[in-house]
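In what follows, a single structure is set out as structure tokens and then discussed.
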Amino acid sequence: MKETAKYSQKKVLVLGLAKSGVTAASLLHKLGAFVTVNDMKPLSENPEAQGLLEQGIKVICGSHPIELLDEGFELIVKNPGIPYRNPLIKGALEKGIPVITEVELAYQISEAPFVGITGTNGKTTTTTLIFEMLKAGDKSPLIAGNIGTVASGVAKEAKAEDTIVIELSSFQLMGIEEFRPEIALVTNLYDAHLDYHSSKQEYAEAKAAITKNQQKTDFFVYNADQEEVRRMAAGSQAELVPFSATTKQEQGAYVEAGVVYFRGEKVMNTADIALPGKHNLENVLAAISAVKLKGVSNEAIQSVLSSFHGVEHRLQYVATIENRKFYNDSKATNILAASKALASFSEPTILLAGGLDRGNEFDELKASMKNVKAVVTFGQTAEKIERVAKEIGITNIKRVDNVVTAVPVAFELSNEGDCILLSPACASWDQYKTFEQRGDMFMEAVHKLK
């Protein structure tokens, strides 16, 4: 860990706990800051806050009192999930108090360089692929961010010879100041999280922040098939490294006649890639671009891609029961992700979908539902998804209470050779704490069918 006096004797407010807040508060305390932690959950129900209290850190729980802004804080470290419209955050910015996320803190203490991955979809798969390929290539990677351990916790232990591979959300990127990845990567950009961001432009600007501090010696890997991402690349100071599943890219990764190339060099045949779907091919091209820049051999890349079948909750194969294949795609928390999942299968499909109602309709899902023979819905959006299914002529539609009860109903609607796919197209928060919990319950229900 880099030694820094930046936070010594500085009054810092850590707003919101969860794993990132706990780690940030402990680290700042060790760096000599006067730390106050504020979390909505009452202290009696908050073991994380109780643990910080035992370390001698001031803890305020149960609400976000606006009066905290009168205590002379010089910095706020914000949980990424807390929106900027929160009165405390708005008030802090009006007073000129810097507001950062824990990722910025991680960068400031890290001896290791970063490979940062963001985008609307494909972040987790791409991040995992990069990590696995670097590991296979003996490049000493560490994984952090949304997919792994809290970034500042990883950075604290990282050595100069390591590389931190970090998945970054728009929420995290809105709170960076100096963060500068050696390699920044944008998988794609679509409408998302507009309940958090004030506009699509703000969302796009948050994503573009991943490259704002990069210099000419850094690399910006980007999806050349998207105009909006190309515009983002045009504003980067880094060396541009495009990838494309449709056109030849001399300076990056592309596919030609069933072969993946990077800067004109053959890497492997597409037929040998284990991950299904065009969207996963884009993730593969993005990951190859990043690891080739780090000097990973084609043999190491081939070894990973020929055996990697996906990450948990993202088109994850669960089981085959009486010749029906079950897939867990609980991480598909928006329409685009669900559409891409559906496009990955050619066999008749029973779709399990529904969840948090963010006010949108689901008509955009229609084009990808041509192989869907039945739909099982649940959650707040059940009626909206049922309307879409009826309008395209699907008659086998069942509404259930949750993903657990959806599994046996889907099995009853299926025949041999069918695919049963959980791809909700919605966030999980109406019924579950996380999409992981939703996916785990689905998988448990599947195994009970055996």
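- The neighbour count for K398 NZ, taken as heavy atoms of other residues, nucleotides or ligands under 6.0 Å away, does not exceed 12.
- Here the side chains of P98 and E177 are in contact, with some heavy-atom distance below 4.5 Å.
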>> Would K248 and E250 count as a salt bridge (charged side-chain N to carboxylate O under 4.0 Å, His left out) here? Give the steps.
In response: CA-CA 6 Å; K248 187 173 182 177; E250 296 284 0; 3.7 Å; yes
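- H313 NE2 to R438 CZ: the interatomic distance, rounded to the nearest 0.5 Å, is 10.0 Å.
- The structure places NE2 of H309 at 13.0 Å from CG of L315, a figure rounded to the nearest 0.5 Å.
- Using a 4.0 Å cut-off between a side-chain N of Lys or Arg and a carboxylate O of Asp or Glu, D162 and K159 do not qualify as a salt bridge.
- E102 contributes no side-chain N or O that, together with a main-chain N or O of N79, makes up a donor-acceptor pair within less than 3.5 Å.
- T101 meets the side-chain hydrogen bond (donor to acceptor under 3.5 Å, both in side chains) test with no other residue; sequence neighbours excluded.
- The pair K278-E282 meets the salt-bridge criterion, since a charged nitrogen lies less than 4.0 angstrom from a carboxylate oxygen.
- Checking side-chain atoms of D272 against main-chain N and O of L305 turns up no donor-acceptor pair under 3.5 Å.
- Atom CD of E3 sits in a sparse spot, with 12 or fewer heavy atoms from other residues, nucleotides or ligands closer than 6.0 Å.
- Atom CD of E361 has more than 12 heavy atoms from other residues, nucleotides or ligands within 6.0 Å.
- For K325, the NZ atom sits in a loose shell: 12 or fewer heavy atoms of surrounding residues, nucleotides or ligands are nearer than 6.0 Å.
- A donor-acceptor pair under 3.5 Å is formed between the side chain of K123 and the backbone N or O of G119.
- Within the 4.5 Å cutoff, the side chain of L240 has no heavy atoms near those of the Q251 side chain.
- Side-chain contact check for K207 versus V229: every heavy-atom pair is 4.5 Å or farther apart.
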